[in-house]
Trainee: 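Provided herewith is a single structure, encoded as structure tokens, for subsequent inquiry.
Letters go in sequence order (proteins before strands), and every chain restarts at 1. This structure is a prediction, so every number in the text was calculated from the model and none was measured.
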2 protein chains.
Amino acid sequence: MRRKSFGNARCPVARSLDMIGDWWTLLLVRDALRGACRFSDFQESLGLAPNILTARLRKMVEDGILETHPSPERSDRCEYHLTAKGQRLQVVLVALRQWGEDHLYQPGEAMTAMVDKIHGEPVRRLGVVSANGQALQPEEVEIRIESKVAAGPG
Amino acid sequence: MRRKSFGNARCPVARSLDMIGDWWTLLLVRDALRGACRFSDFQESLGLAPNILTARLRKMVEDGILETHPSPERSDRCEYHLTAKGQRLQVVLVALRQWGEDHLYQPGEAMTAMVDKIHGEPVRRLGVVSANGQALQPEEVEIRIESKVAAGPG
DNA sequence: CCGTATCCATTCCGATACTG
DNA sequence: CAGTATCGGAATGGATACGG
């Protein structure tokens, strides 16, 4: 039996998870952000079976996260590139990265760092911040039902 | 056959996903952040079968995301509360929320908003920012191999 | 109310072989 | 290289009945 779908839940977290909350999607986005665009790029990086890579890529194209372009060199191939929607998942990846760095490494274990290319400095920690710039604790926020309406997908 | 484990991948994103990248964990964290702490709180919110709720909660306790406390009123019951590690997943949830709000709503659809309790104003958008405060585009960051070592899980 | 136990359907995923 | 096709094992998840 299929998992209940949260694709039209009122909660945007549930909606997001319904689309990208599976084992592979975010890792494929991670690799695409690094520059991976060919089938074999993803396969070598993740070591997943070709059939399931095909299925994932197809679904991500359907969902508007990736789009295919003809390869500039080989007319019978295509490349997978992130759409703007897909690129904007980078923040989610950074959040996961920082959480993992904080809690999932043993003392003394070697780590990687995300840096900005210009200065080579690590990026800042993400944090939930109020409109006036104050850092907020988990208890200091709440979800409010808005009459506000969506502008629609970008 | 089981999915390959990324629990000791070098990439912190893969490690995080290995622990929390399943269908239910982040939704349980979401509800816990709202104040849910009893078995039935979660079950009513998510509508999932009791056996799998049991399994999820247990794994999250093992992973140090939740901890159980005896219920103040009934000695034979317990409550589930987020650890500090679990609370720090809030940033991930906010990132997912904002992405979902941007891309997963039809025009005109009603939305919720995360606001700070004091002023009632929506929280700021998360963004990847350099050490000196400059907003960074996806192409402007890279992953560097660090000789830096982890301080260890908090 | 708070789970545990059992049963079953589905889906995910890996391995592998094969095609253009 | 870029997939497609088939097979089979395993984990997930739903329904439900049951116990403290």
Trainee: With DNA chain C as reference, determine whether A:Arg77 or A:Asp22 sits nearer its 5' end, using the nearest nucleotide of each.
Mentor: A:Asp22
Trainee: Closest approach to the side chain of B:Ala49, judged atom by atom: which nucleotide of D:dA2, D:dG14, C:dG3 is it?
Mentor: D:dG14
Trainee: Quickly work out the A:Leu46 CG to C:dC12 C1' distance and round it to whole Å.
Mentor: 16 Å
Trainee: Could you check whether B:Asp18 pairs with B:Arg15 (Lys NZ or Arg NE/NH1/NH2 to Asp/Glu carboxylate O, under 4.0 Å)?
Mentor: no
Trainee: Can you tabulate the close N/O pairs, meaning under 3.5 Å, that link protein atoms to atoms of nucleotides 6-8 of chain C?
Mentor:
from: C:dT6; atom 1: O4; to: B:Asn51; atom 2: ND2; distance (Å): 2.8

Trainee: In degrees, rounded to 10°, what is the bend between the two ends of the helix from C:dC1-D:dG20 to C:dG20-D:dC1, using five pairs at each?
Mentor: 40°
Trainee: Looking at A:Asp41 and A:Arg34, does any basic side-chain N land under 4.0 Å from a carboxylate oxygen?
Mentor: no
Trainee: Whole angstroms only, please: what is the CZ-P distance between B:Phe42 and C:dG3?
Mentor: 10 Å
Trainee: To the nearest Å, how far apart are A:Asp41 CG and D:dC1 P?
Mentor: 10 Å
Trainee: If I compare all heavy atoms of A:Ser16 with all of B:Trp99, which pair ends up nearest, and what's the gap?
Mentor: OG-CE3, 3.6 Å
Trainee: Looking at A:Arg125 and A:Asp102, is there a salt bridge between them, counting it only when a charged N and a carboxylate O are closer than 4.0 Å?
Mentor: yes
Trainee: Is any side-chain N of the basic residue among B:Lys85 and B:Asp63 closer than 4.0 Å to the acidic one's carboxylate O?
Mentor: no
Trainee: To the nearest Å, give me how far apart CZ (B:Arg58) and C1' (D:dT12) are.
Mentor: 16 Å
Trainee: Please determine, by modelled atom types, if B:Arg97 and B:Thr112 share a side-chain donor-acceptor pair under 3.5 angstrom.
Mentor: yes
Trainee: Select one nucleotide: of C:dG3, C:dC12, D:dG14, the one nearest the side-chain heavy atoms of B:Cys78.
Mentor: C:dG3
Trainee: Let me know the distance between CZ of A:Phe39 and C1' of C:dG20, rounded to the nearest Å.
Mentor: 14 Å
Trainee: Using a 4.0 Å heavy-atom cut-off across all strands, classify A:Leu53 as base, sugar-phosphate, or nothing.
Mentor: nothing
Trainee: Among C:dA17, C:dC13, C:dG3, which nucleotide sits nearest the side chain of A:Ile52?
Mentor: C:dC13
Trainee: Could you pull out the closest heavy-atom pair between B:Val94 and A:Val128, with the gap in Å?
Mentor: CG2-CG2, 3.8 Å
Trainee: A:Arg56 CZ to D:dT4 P: how many Å, rounded?
Mentor: 15 Å
Trainee: With a 4.0 Å limit, can you tell me whether B:Trp23 has a side-chain N or O closer than that to the phosphate oxygens OP1/OP2 of D:dT12?
Mentor: no
Trainee: Can you see if the side chain of A:Thr54 gets near the phosphate of D:dG3 - specifically, an N or O under 4.0 Å from OP1 or OP2?
Mentor: no
Trainee: What heavy-atom pair brings A:Arg30 and A:Ser45 nearest, and what distance separates the two atoms?
Mentor: NH2-OG, 3.8 Å
Trainee: Send over the distance from B:Gln43 CD to D:dG14 C1', rounded to a whole Å.
Mentor: 12 Å
Trainee: Are B:Arg38 and C:dC2 close enough that a side-chain N or O sits under 4.0 Å from OP1 or OP2?
Mentor: yes
Trainee: Verify the contact: side-chain N or O of B:Lys4 to OP1 or OP2 of D:dA10, cut-off strictly under 4.0 Å; return yes or no.
Mentor: no
Trainee: Does a nitrogen or oxygen in the side chain of B:Tyr80 sit under 4.0 Å from OP1 or OP2 of C:dG3?
Mentor: yes
Trainee: Looking only at side-chain N and O atoms, does A:Trp24 come under 4.0 Å of OP1 or OP2 in C:dC12?
Mentor: no
Trainee: Respond yes when some side-chain nitrogen or oxygen of B:Ser40 is under 4.0 Å from OP1 or OP2 of C:dC1, and no when none is.
Mentor: no
Trainee: Whole Å only: how far is the CD atom of B:Glu44 from the P atom of C:dC1?
Mentor: 8 Å
Trainee: Can you check whether A:Thr83 reaches A:Glu67 side chain to side chain, under 4.5 Å on heavy atoms?
Mentor: yes
Trainee: Quick one: are B:Glu121 and B:Val115 in side-chain contact, heavy atoms under 4.5 Å?
Mentor: no
